[in-house]
Amino acid sequence: MSRFQLRSDDQWALIEELLPVRTGKQGRPFPDARSMVEGIIYRYRCGIAWRDVPDVFGPWQTIWTWHRRMAGDGTWDIVLQRLRTAADSAGLVEWSVSVDYTIARAHQHATNITRPGVCQGSWTVLGGLPQAALAVR
């Protein structure tokens, strides 16, 4: 396996049928599906910008377009489900649940919501109290 081939042939066989295929229409030649997916994986694995994807995968604009289209039509969700099912049947997934009941409280000024009458830089007159109670003697 080369440095730029990230999936083995067995891994590729699991998802190959889910990806777009050549239709035979006229126009620009359809790029290789494997190199497009490998470019997408490489980009996320390295945490680089789309423009920095190596040329060995093809033009970065094409790789970005593939990713955007497959995310939009739900192909990535189907691929994830297929890979998750295969890993689970092979016993590679351990389904354990961890529940954390920690509460993180935030100060009232931690939000950007303005609430009338609450700490807006002026005094708030308390309602319901008689004026005599508020008078200073």
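Everything quoted here is computed from the prediction, not taken from an experiment.
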Contacts of Asp52 meeting side-chain hydrogen bond (donor to acceptor under 3.5 Å, both in side chains) (sequence neighbours excluded), chain-then-number -> none
Within the structure provided, determine whether [X] and [Y] are in side-chain contact (heavy-atom separation under 4.5 Å).
X     : Y     : result
Ile63 : Arg43 : no
Val53 : Trp64 : no
Asp55 : Trp60 : no

message: Whether Glu38 and Arg45 form a salt bridge (side-chain N of Lys/Arg under 4.0 Å from carboxylate O of Asp/Glu) is what I want to check.
response: no
query = If we ignore angles and hydrogens, is there a donor and acceptor under 3.5 Å between the side chains of Trp50 and His67?
reply =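 There is no such pair between these side chains.
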Can you spot which of Asp73, Asp77, Ile78 makes a side chain to side chain contact (heavy atoms under 4.5 Å, CB included) with Thr75?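 That would be Asp73; it is the only one of Asp73, Asp77, Ile78 passing the side chain to side chain contact (heavy atoms under 4.5 Å, CB included) with Thr75.
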(request) Give the cluster check for Tyr44 versus Ile15: same hydrophobic cluster or not, with ILVMFWY residues linked at side-chain heavy-atom distances below 4.5 Å. (result)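 Yes, it is one cluster - the side chains of Tyr44 and Ile15 are joined through contacts under 4.5 Å.
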Would you say Met36 ends up clustered with Leu80 if hydrophobic residues are merged whenever their side chains have heavy atoms under 4.5 Å apart, either directly or through other cluster members?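 Different hydrophobic clusters.
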Nearest heavy-atom approach of Tyr42 to Pro54 is CE2-CD, 3.3 Å
For Ile40 and Met70, what are the C-alpha separation, side-chain angles and deciding distance, and is it a side chain to side chain contact (heavy atoms under 4.5 Å, CB included)?
CA-CA 11 Å; Ile40 293 167; Met70 291 195 311; 4.3 Å; yes
Interatomic distance, CG@Leu92 vs CZ@Arg84, rounded to 0.5 Å, equals 14.0 Å
- request: Mark yes when over 12 heavy atoms from residues, nucleotides or ligands other than Arg68 sit less than 6.0 Å from its CZ; otherwise mark no.
  value: yes
